[in-house]
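Here is the structure we will look at, set down as structure tokens.
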Amino acid sequence: MPQSRITLSPNIQILAEDLCAITGVSNFASLFGLMLTRYGPHLKISWQVSAPEMQIPATSTDAIIAHTSSSSLLSSKKAQIPPEHEDPMITRLARLIDDF
């Protein structure tokens with residue numbers, strides 16, 4: 001099997017060690033493989049999704065209209081991700097963000 005090496009900055013290495021402890025994997029290579037298999041398809045699909053253009057509304061009525069239109073834009077982008085590629089944690093967070 002071919003090998004590849006990566007260098008982690010100290011602050012990322014601390015995070016990686018914490019994630020190893022949380023997930024129960026024994027090394028960084030296993031952690032990286034876990035992250036690729038769990039989050040890779042979602043990242044691949046959503047990487048090029050552009051954020052809606054933000055504008056500061058002039059009045060509170062404009063704020064409601066802007067929020068409604070940006071929410072519908074985000075919902076239409078989310079609908080493009082096939083359900084089998086959605087990560088359950090991201091789906092839960094998206095619902096919380098939508099409620100906020």
Side-chain angles (χ1 to χ4, degrees):
M1 175 166 67
Q3 292 187 350
S4 298
R5 293 185 181 265
I6 60 171
T7 302
L8 301 176
S9 63
N11 58 338
I12 298 297
Q13 185 170 350
I14 292 169
L15 176 60
E17 289 167 351
D18 289 344
L19 290 172
C20 283
I22 290 169
T23 59
V25 298
S26 59
N27 55 51
F28 294 155
S30 297
L31 178 65
F32 190 71
L34 174 72
M35 291 173 58
L36 284 177
T37 56
R38 182 166 177 105
Y39 302 109
H42 174 75
L43 183 62
K44 187 176 177 182
I45 291 169
S46 64
W47 186 256
Q48 296 301 319
V49 174
S50 60
E53 187 175 313
M54 299 300 288
Q55 296 178 352
I56 300 174
T59 66
S60 60
T61 306
D62 291 340
I64 294 169
I65 293 169
H67 175 71
T68 305
S69 64
S70 66
S71 294
S72 63
L73 178 62
L74 290 173
S75 297
S76 67
K77 292 287 185 186
K78 186 169 59 174
Q80 294 174 0
I81 299 173
E84 65 271 10
H85 292 296
E86 284 189 2
D87 184 275
M89 180 60 82
I90 292 173
T91 303
R92 284 184 285 204
L93 287 173
R95 284 189 212 124
L96 289 172
I97 292 168
D98 288 343
D99 290 345
F100 178 71

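Note that the structure is a prediction, hence the values are computed from the model and not measured. Position 1 is the first residue of the sequence, and the numbers go up from there.
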Minimal non-hydrogen separation, Ala16 against Leu31, with atom names: O-CD2, 3.4 Å
Shortest non-hydrogen separation from Pro41 to Leu36 and the atoms involved: CD-O, 3.7 Å
Joint cluster assignment, Leu34 & Phe28, ILVMFWY side-chain distance < 4.5 Å: no
Validation row: Leu15, Leu19 side chains within 4.5 angstrom (heavy atoms): yes
